[in-house]
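I have placed the structure first, in the form of structure tokens, so that the comments after it can refer back to it.
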Amino acid sequence: MEFGVALPARVGDHALVALAEELGFTQAWFYDSQMLYSDVYATMAVAAMRTSRIRLGTGVAVPTTRLAPVIAHAIATVAQLAPGRVELGIGAGNTARYTMGLPPMRLATLRREMRAIRALLAGDTAVLEIEGGAYPVRFLHRDRGFLNLHDPIPITLSALLPKALALCGEEADAHLTWGVGPDVLAFQRAAIAESAARAGRDVAGIPSKGIFPTVVLAPGETSASERVLSAAAPFVTNLLHVQVEWKSAPLPLSASVQPLVERYQAWAEALPGPTRHLLLHEGHLVYARPDEREYVVPELAELAAIIGEPDAVIARVRALEAAGLSHFAIQPTDDPARQMRDFAEQVVARY
């Protein structure tokens, strides 16, 4: 099992990435959400200059927020600074599009953009479909120090549902999942294997990686402890944002939390439609707004995150590994240095 960290793209947080490398994490993922965080590629470029071993990945880049040639150009620029340790995670767009009032892109669009990006990163000519036309595009100065197309840049697809999982098996270099349990991961691996077999590919070459909200308990702490709830608060509110946007539960909800979720959904539905997306996402995966604090309760925290003492967290990770996971990344929140140290020293070192 490899272990990583996932961070909002904050351009000044390069010291945290250097600390993650020092602690032995093998990869840092950076959220690409232009209305919420710093530019993901600027953030990765600065981190590249502060590190020498840790892999740097977008978690995840969203085609249509940038043209395919711009995405390929940006990640290849970072690869010039960090050769051989850059990964392009891409997806259909959750927060990056929802924060502009847009739904996730259609899978056909994602497939087309993914193919164009792959062709450009291979140094080939791609087709840019835009404004009703189709235009050949190719990087023209690839050997003059502007970009790095010599070291492979794997494309990892964020996929949760069957059609996206099928695309992952057919064309992606790896699979990225989010906060799932072993049963769901096993389903995802089976779906990827089925589509990979149809495409004549070996599923063993398409590893599953995951980003998981995680809080390691100190002795005497519980999920109701103030520090734990503070750490888990962004995960709780993220879960609530998803419940509003997806109109269905990606995680099973118990009877004890259903009234809380329904109350939040009713609050969100009462927001003015044209600006709902502006109000809903403030604090997304960074902090809980004052009006969301009442929802940060142990029951929702336990649903939104892996919370436990070190042995319990290790057991959860081992169960995911048995289901096919090869990379487990944590999401630090309000005290990232402590949270990364706790996980590295109490989980990774004993795994």
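In this text the structure is predicted, and so the values were computed from the model without any measurement.
Under a hydrophobic-cluster definition in which Ile, Leu, Val, Met, Phe, Trp and Tyr are linked whenever side-chain heavy atoms come within less than 4.5 Å, directly or via other members, Val11 and Val286 are assigned to different clusters. The cluster map of Ile, Leu, Val, Met, Phe, Trp and Tyr, joined by side-chain heavy atoms under 4.5 Å apart, puts Met49 and Phe25 in different clusters.
Of all heavy-atom pairs spanning Arg293 and Ala288, the tightest one is NE-O, 3.7 Å. Shortest non-hydrogen contact noted between Pro234 and Thr333 is CG-CG2, 3.9 Å. For the residue pair Leu121 and Ala72, the shortest heavy atom distance occurs at CD2-O, 3.6 Å. Here the closest heavy-atom approach between residue Ser208 and residue Leu325 is recorded as O-CD1, 3.5 Å.
Using a 4.5 Å heavy-atom cutoff, the side chains of Arg10 and Thr43 are not in contact. Residues Leu165 and Leu157 have side chains not in contact (no heavy-atom distance under 4.5 Å, counting atoms from C-beta outward). Between Leu23 and Phe343, every side-chain heavy-atom pair lies at or beyond the 4.5 Å cut-off. In this structure the side chain of His284 reaches within 4.5 angstrom of the side chain of Asn238, judged on heavy atoms. Counting heavy atoms from C-beta outward, Val228 and Leu217 have side chains that approach closer than 4.5 Å. The shortest side-chain heavy-atom distance between Ser52 and Glu21 falls under the 4.5 Å cut-off. Counting heavy atoms from C-beta outward, Arg118 and Asp173 have side chains that approach closer than 4.5 Å.
A donor atom on one side chain and an acceptor atom on the other are not found under 3.5 Å apart for Thr99 and His281. Side-chain contact check for Glu170 and Ser195: no donor-acceptor pair (N or O, by modelled atom type) lies under 3.5 Å. Side-chain contact check for Glu129 and Tyr135: no donor-acceptor pair (N or O, by modelled atom type) lies under 3.5 Å. Using modelled atom types and a 3.5 Å distance limit, the side chains of Gln80 and His150 yield no donor-acceptor pair.
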Hey, can you pull the donor-acceptor pairs under 3.5 Å for the side chains in residues 273-280, sequence neighbours left out?
| from | atom 1 | to | atom 2 | distance (Å) |
| --- | --- | --- | --- | --- |
| Arg276 | NE | Ala268 | O | 2.8 |
| Arg276 | NH2 | Glu269 | O | 3.2 |
| Arg276 | NH2 | Leu271 | O | 3.2 |

Hey, can you pull the donor-acceptor pairs under 3.5 Å for the side chains in residues 26-34, sequence neighbours left out?
| from | atom 1 | to | atom 2 | distance (Å) |
| --- | --- | --- | --- | --- |
| Thr26 | OG1 | Phe3 | O | 3.1 |
| Gln27 | NE2 | Glu87 | OE1 | 3.0 |
| Trp29 | NE1 | His327 | NE2 | 3.1 |
| Tyr31 | OH | Gln331 | OE1 | 2.4 |
| Asp32 | OD1 | Arg66 | NH1 | 3.2 |
| Asp32 | OD2 | Arg66 | NH1 | 2.9 |
| Gln34 | NE2 | Ala96 | O | 2.8 |

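Atoms NE2 and SG, on His175 and Cys168 in that order, are 5.5 Å from each other to the nearest 0.5 Å. With values rounded to the nearest 0.5 angstrom, Gln265 atom CD is found 6.0 Å from Gln243 atom CD. To the nearest 0.5 Å, the span separating CD on Glu262 from CG on Leu260 amounts to 10.0 Å. In this structure, CZ on Arg142 lies 9.5 Å from CG on Asn148, to the nearest 0.5 angstrom. Once rounded to the nearest 0.5 Å, the distance linking CG of Leu88 with CD1 of Ile90 reads 6.0 Å. Expressed to the nearest 0.5 Å, how far CD1 of Ile307 lies from OG1 of Thr214 amounts to 9.0 Å.
Ion pairing between a basic and an acidic side chain is recognised when a charged N comes within 4.0 Å of a carboxylate O; Arg263 and Glu294 show such pairing. Between Arg350 and Asp311, at least one side-chain N (NZ, or NE/NH1/NH2) sits under 4.0 Å from a carboxylate O, which counts as a salt bridge.
The aromatic rings of Phe146 and His141 lie tilted to each other, with the angle between the two planes from 30° to 60°. Using cut-offs of 30° and 60° for the angle between ring planes, the His73 and Phe139 rings count as tilted.
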Check: Which is it for Glu299 and Ser256 under the side-chain hydrogen bond (donor to acceptor under 3.5 Å, both in side chains) test, yes or no, and what are the steps along the way?
Finding: CA-CA 8 Å; Glu299 294 83 359; Ser256 64; 5.8 Å; no
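Side-chain atoms of Arg189 do not come within 3.5 Å of backbone N or O of Ala323 as any donor-acceptor pair.
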